[in-house]
Amino acid sequence: DVKVTQSSRYLVKRTGEKVFLECVQDMDHENMFWYRQDPGLGLRLIYFSYDVKMKEKGDIPEGYSVSREKKERFSLILESASTNQTSMYLCASKSPVGSGNTIYFGEGSWLTVV
Amino acid sequence: GQQLNQSPQSMFIQEGEDVSMNCTSSSIFNTWLWYKQDPGEGPVLLIALYKAGELTSNGRLTAQFGITRKDSFLNISASIPSDVGIYFCAGLPRGSGGSNYKLTFGKGTLLTVNP
């Protein structure tokens, strides 16, 4: 089974703090994603990465950056957290087209910015 | 980004009843995925569909990839209390490169099962 692990399940941070959300997958997938999920808005793509050191902006990249130094690890960075970034953050990885073309999610990270 | 039209938004049913939900899109998809999300948890993959017309089962769950490639449905038979949760559809488009990576989601169907 594919395992996508998010290192922090619950975080409380202060406005202006730098926040790191870490995600690791164990299936050697090239494609990884960060989403945020908010009531009434559904899942929105923040950034995705299709290879080591390669990244592309999703639909709502403002206020976020990402890092993909190793294939298995994709980090989401909030340079200066703000209260409107309070949300559930979901990491995902995608199997290749020839191996199922399926996306697997982590357990989620609940971030509260106060 | 684009959204899928998922319906119904919520359902309240009695234990033992069958449930049906569907998603439609104006775009063609190459892959349809169905997920279940429990409160406070990440979405868990239930069924993946890769071919137009494909009908796939996973226990009491059955899903179909619409023949037009623009819709999919999920059925749950003989519902039980642990079926409670939010069910999402998601589609991956045709195309290569960046466009193939972008999953489009429905807004979810909230299922409540009364024991």
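Quick caveat: nothing in here was measured; it's all calculated off a predicted structure. In what follows, chains carry the letters A, B, and so on, assigned in the order in which the sequence lines appear, proteins first and then strands, with residues in each chain numbered from 1.
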Answer yes if [X] and [Y] sit in the same cluster of Ile, Leu, Val, Met, Phe, Trp and Tyr residues linked by side chain heavy atoms under 4.5 Å apart, and no otherwise.
| X | Y | answer |
| --- | --- | --- |
| B:F88 | A:F105 | yes |
| B:M11 | B:Y87 | yes |
| B:F73 | B:L4 | no |
| A:Y50 | A:L45 | yes |
| A:I77 | A:V24 | no |

TODO: Could you check if a side-chain atom of B:Q37 sits within less than 4.5 angstrom of a side-chain atom of A:L90, using non-hydrogen atoms only?
DONE: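 The answer is yes, as the side chains (C-beta and beyond) meet within the 4.5 Å cut-off.
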- [ ] Check whether any side-chain heavy atom of A:L41 lies under 4.5 Å from a side-chain heavy atom of B:K107, and answer yes or no.
- [x]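 In short, these two side chains do not touch, never coming nearer than 4.5 Å.
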Open item on the list: Parallel, tilted or perpendicular: which one describes the rings of A:Y35 and B:F105, with boundaries at 30° and 60°?
Closed with: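 Plane angle over 60°, so perpendicular.
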Task: Interatomic distance, A:T102 atom OG1 to B:L49 atom CG [nearest 0.5 angstrom] - done: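 Separation between the atoms: 9.5 Å.
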Task: Contact origin within A:Q6 toward chain B - heavy atom pairs under 4.5 Å - done: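 Answer is neither: A:Q6 stays 4.5 Å or more from chain B.
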Open item on the list: Give me the atom names and distance for the closest heavy-atom approach of A:N101 to B:T31.
Closed with: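 Where A:N101 meets B:T31 most closely, the heavy atoms are ND2-OG1, 2.9 Å.
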Open item on the list: Are there over 12 heavy-atom neighbours, none belonging to B:Q9, within less than 6.0 Å of that residue's CD?
Closed with: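 Result for CD/B:Q9: open.
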Task: For chain A, which residues of residues 39-46 of chain B have heavy atoms nearer than 4.5 angstrom - done: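 The residues closer than 4.5 Å to chain A, in numerical order, are B:G40, B:E41, B:G42, B:P43, B:L45.
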Open item on the list: Before you tell me yes or no, could you show the steps for B:L103 and A:F33 under side chain to side chain contact (heavy atoms under 4.5 Å, CB included), namely the whole-Å CA-CA distance, both residues' side-chain angles and the distance that decides it to 0.1 Å?
Closed with: CA-CA 10 Å; B:L103 200 61; A:F33 308 81; over 6 Å; no
